[in-house]
Structures are given as C-alpha cells and as structure tokens.
Protein chains: 2
Amino acid sequence: MDKLVQELVARKIRPSIQRVKILEYLINNRIHPTADQIFQHMQKEIPTMSKATVYNTLNTFLSVGLVRLLTIGGSEARYDINMTTHGHFKCESCGTVHDFTIDLEDCELGGLDDFTVEKRDVHFRGYCPRCSSNPGRSSKC
Amino acid sequence: MDKLVQELVARKIRPSIQRVKILEYLINNRIHPTADQIFQHMQKEIPTMSKATVYNTLNTFLSVGLVRLLTIGGSEARYDINMTTHGHFKCESCGTVHDFTIDLEDCELGGLDDFTVEKRDVHFRGYCPRCSSNPGRSSKC
DNA sequence: TCCCATAATAGACTTGTTCTAAATATATAA
DNA sequence: TTATATATTTAGAACAAGTCTATTATGGGA
C-alpha cells in the first residue's frame, strides 16, 4: 500500500483513497480493463465512488504516463499499466486482450519522412489459443 | 459509375443509389473519413439520406471487405477503402490520418504461439510534416 | 482551528452509434 | 403486368461511453 502511495506522490498526484485503490486494481488485474470494469470492481471496495472519479483518475494517470490507453476495435477504451513496449492481441471470440512482444525497430517503414512519431501501437486481432481450439464458444476465456 | 455498380454487384450487394454514392465518395476522398464526414457530404448529393443509411452502408461494406475500420485514438471510427497492407499515422495536432508502408513480416514477434492472427493494425501518432514545422497551429492540414 | 485549493460526487449533458417501426423500392413468380 | 415477398431507406428513439457542472467533502498549511 505504501508503495502505491509513493508511486503517486512521486508523480505529484495526491494519494486519495480512490486513486490508491484504482492504482492497486490496475496493478493486480492486468486484464486491460475498461473504465466500467474498474468502476464495477470499485463499487465493492468504495460503494460511493462515482464513475466520474474513475474517469478523472484514469485521465490523471494517463497525463503522467502511469497508464496507457488502448483502443482496439470498437467502443471500448482500455487501460494498461504495463508501460513497456509491447503489442496487443484481442480475441474476437472472447474479447480478452493479450500482450505480445514486438520490436518495431526491425521493420521496414516507408512514407514517414519528416513525420515526428511519438507513439506506436500494434493491434492484432483473431482467436486466442483457447477459442481457436473451441470454435463456436464465445464466453469468457 | 458503372464500375462502382459492378464493384458492388460482384460482392452481391444491391447497388442502390445511396450505396453507389457512398462508395464513390470513399474512392474519391481518401481521407479516412468518419461516418459524419460522409453523412455531411452526402447531404449535398442526396439531401434525404439518413445517418442510419450511412452506417448501414458502411457496415455492409465492412462485412464484405470493401472497406476497413480504423479506430485510432478516441471516439472516432474512420473508414478506409484502401485494403492493401499499410499502417496509419494520425497527427495529434491537425487530426489528419496518413498512410505509410510497413512490412510486419520482418518483425520479431513473441508470445503469439497458438494464437490465430487474422488482422494486423499499426497505428502511429505524432506530428505530420506540416504541423511539425508549424508548432502551435492546430487547424486543418 | 480556519482557509484555501484540490478532489469526489451525482446527475445532466454530449456524441457516436444502433435499433425500431413504418414507408419505399426492387425483384420474382404467377 | 400485377401481386407478393424481400430488401432498403428513413426518422427518430434508444443506448452507451465519456465529459461537464455545480455542489459537497477532504486535507494540508497559515
């Protein structure tokens, strides 16, 4: 818990109970959760927490580089506390998001002369091992 | 025009006026438009066209692989009629989306054994040449 | 302890997209 | 042709994700 508080203080974020709990959830649940998943979970811990607080907190975390925002596919914003370089794979059957390693430095690129590239995202989609071997099912992995 | 009709018929899509006009727009305006941009434009050609028709048509095109859906960054779905392999760069200043070439075959990947990969998207963000050389401006490129 | 700034809350609001039911258009079979 | 079935379009309601606003709560420093 202390570690979490320090993580926030180091980034000049006041460690309110709400923020610490959300950070704790992100660290312990590396499932690239949506804001709503976080909100649902928080209701168990702090029943009075509002959705706006979840969004405020996530936006604060984003602005200091504590989490990254993923937008794979449709209408879902997902939050990832793993800030190392990696790609994301989303299963089209069960919806889970998995990390994979990728080194874009190896890649031949063309057409980006004079562009200033600041962020690189790689999103793959398809079927995870579990859904690949169980075609037809579309429940939770 | 005939070519457009054939393009649709070849994919077993009935070539209604609305569909042909939307296809024509996508082919002639390779700006990765949003549904709303398409809708705005269509109002000039077919003033009675409803937004639902724009979405219906785009979803039909998506389902037969005539366009691809891009979701770079936030709340904007964009449609791309260029189905060749390429990456997308979005300028964080002016919002335009640019294509670039990339060959993911060259890339070292790890952690995707047993995954069935069907779609690969590469999204870069940063500043386009114009905005890079005009820091501060955030209007149209 | 009292202030002041910051943060949290509830709910209204906005935006993008889908859904629904009715009207219209098109294709097919008699 | 005409009748009938099917597909498409339309307008607006419904929905969902996220933001905004006004109010209340919190917590650190004089």
Side-chain angles (χ1 to χ4, degrees), chain A residues 4-9 11-25 32-64 66-79 90 95 97, chain B residues 4-5 8-9 11-25 32-64 66-79 90 95 97:
Chain A
L4 300 173
V5 170
Q6 280 161 29
E7 188 85 46
L8 294 176
V9 171
R11 288 179 168 80
K12 305 203 195 328
I13 298 172
R14 198 190 280 179
S16 67
I17 293 162
Q18 290 86 345
R19 287 167 172 171
V20 172
K21 284 291 178 191
I22 289 175
L23 179 59
E24 185 181 39
Y25 175 80
H32 315 87
T34 62
D36 195 62
Q37 280 179 295
I38 297 167
F39 175 65
Q40 296 299 332
H41 179 89
M42 284 305 129
Q43 299 228 292
K44 295 173 201 157
E45 306 219 12
I46 306 174
T48 57
M49 190 186 294
S50 84
K51 217 158 198 178
T53 298
V54 174
Y55 282 105
N56 288 343
T57 300
L58 291 169
N59 287 332
T60 302
F61 288 0
L62 278 174
S63 69
V64 298
L66 200 48
V67 297
R68 77 164 72 171
L69 180 62
L70 309 184
T71 52
I72 306 190
S75 57
E76 44 187 16
R78 291 170 171 272
Y79 297 85
K90 181 174 181 199
V97 175
Chain B
L4 299 174
V5 170
L8 294 176
V9 171
R11 288 181 168 78
K12 305 202 193 333
I13 298 172
R14 199 188 279 179
S16 67
I17 294 162
Q18 291 87 346
R19 286 166 174 173
V20 171
K21 284 291 178 191
I22 289 175
L23 179 59
E24 185 181 39
Y25 174 80
H32 315 89
T34 62
D36 195 61
Q37 280 179 295
I38 298 167
F39 175 66
Q40 296 298 333
H41 179 89
M42 285 304 129
Q43 299 228 291
K44 294 172 200 156
E45 307 219 12
I46 306 173
T48 57
M49 190 186 294
S50 83
K51 216 156 201 183
T53 298
V54 174
Y55 281 105
N56 288 342
T57 301
L58 290 169
N59 287 332
T60 301
F61 288 1
L62 277 175
S63 68
V64 298
L66 200 49
V67 298
R68 76 165 74 172
L69 180 63
L70 309 184
T71 52
I72 305 191
S75 57
E76 45 188 16
R78 291 170 171 273
Y79 297 85
K90 181 174 183 200
V97 176

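Protein chains get the first letters and strands the later ones, always in sequence-line order, with residue 1 at the start of each.
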Could you tell me how far apart [X] ([atom1]) and [N] ([atom2]) are, to the nearest whole angstrom?
X	N	atom1	atom2	value
A/Gln43	C/dA10	CD	P	9 Å
B/Met49	D/dT9	CE	P	8 Å
A/Lys12	C/dA7	NZ	C1'	19 Å
B/Ile17	D/dA7	CD1	P	19 Å
A/Asn59	D/dT19	CG	C1'	9 Å
A/Asp36	D/dA17	CG	P	6 Å
A/Arg78	D/dG18	CZ	C1'	16 Å
B/Ile13	D/dT9	CD1	P	11 Å

Can you tell which of [options] lies closest to the side chain of [X]?
X	options	answer
A/Ala35	C/dT17, D/dG18, D/dT9	D/dG18
B/Ala52	C/dT17, D/dC20, D/dT10	D/dT10
A/Arg14	D/dG27, D/dT8, D/dG18	D/dG27

Sugar-phosphate only, base, or nothing, as touched by A/Thr53 at under 4.0 Å among non-hydrogen atoms: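 Base, at least one base heavy atom under 4.0 Å.
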Touch class at under 4.0 angstrom, heavy-atom based, for A/Thr48 against every strand present: sugar-phosphate
Quick check on [N]: is either OP1 or OP2 less than 4.0 Å from any side-chain nitrogen or oxygen of [X]?
X	N	result
A/Tyr55	D/dG18	yes
A/Ser50	C/dA8	no
A/Gln18	D/dT26	no

Residue mapping more 5' on DNA chain C - nearest nucleotide basis, B/Tyr79 or A/Thr57: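 Counting from the 5' end, the first nearest nucleotide belongs to A/Thr57.
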Upstream residue (5' side of DNA chain C) when B/Ser75 and A/Arg19 are each assigned their closest nucleotide: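 Its nearest nucleotide being more 5', the pick is A/Arg19.
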Validation row: B/Tyr25, B/Ile22 side chains within 4.5 angstrom (heavy atoms):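 No, too far: nothing below the 4.5 Å cut-off.
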Side-chain heavy-atom pair A/Tyr79, A/Leu69 within 4.5 angstrom cut-off: yes
Heavy-atom donor-acceptor pair, A/Arg19 side chain to A/Thr57 backbone, under 3.5 Å: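 Not a single qualifying donor-acceptor pair exists.
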Expected output: side-chain A/Gln43 to main-chain A/Gln40 donor-acceptor under 3.5 Å: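 Not confirmed, A/Gln43 side chain does not pair with A/Gln40 backbone.
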Residue pair B/Met42, B/Thr53: steps toward the side-chain contact (heavy atoms from CB on, under 4.5 Å) verdict: CA-CA 10 Å; B/Met42 285 304 129; B/Thr53 298; over 6 Å; no
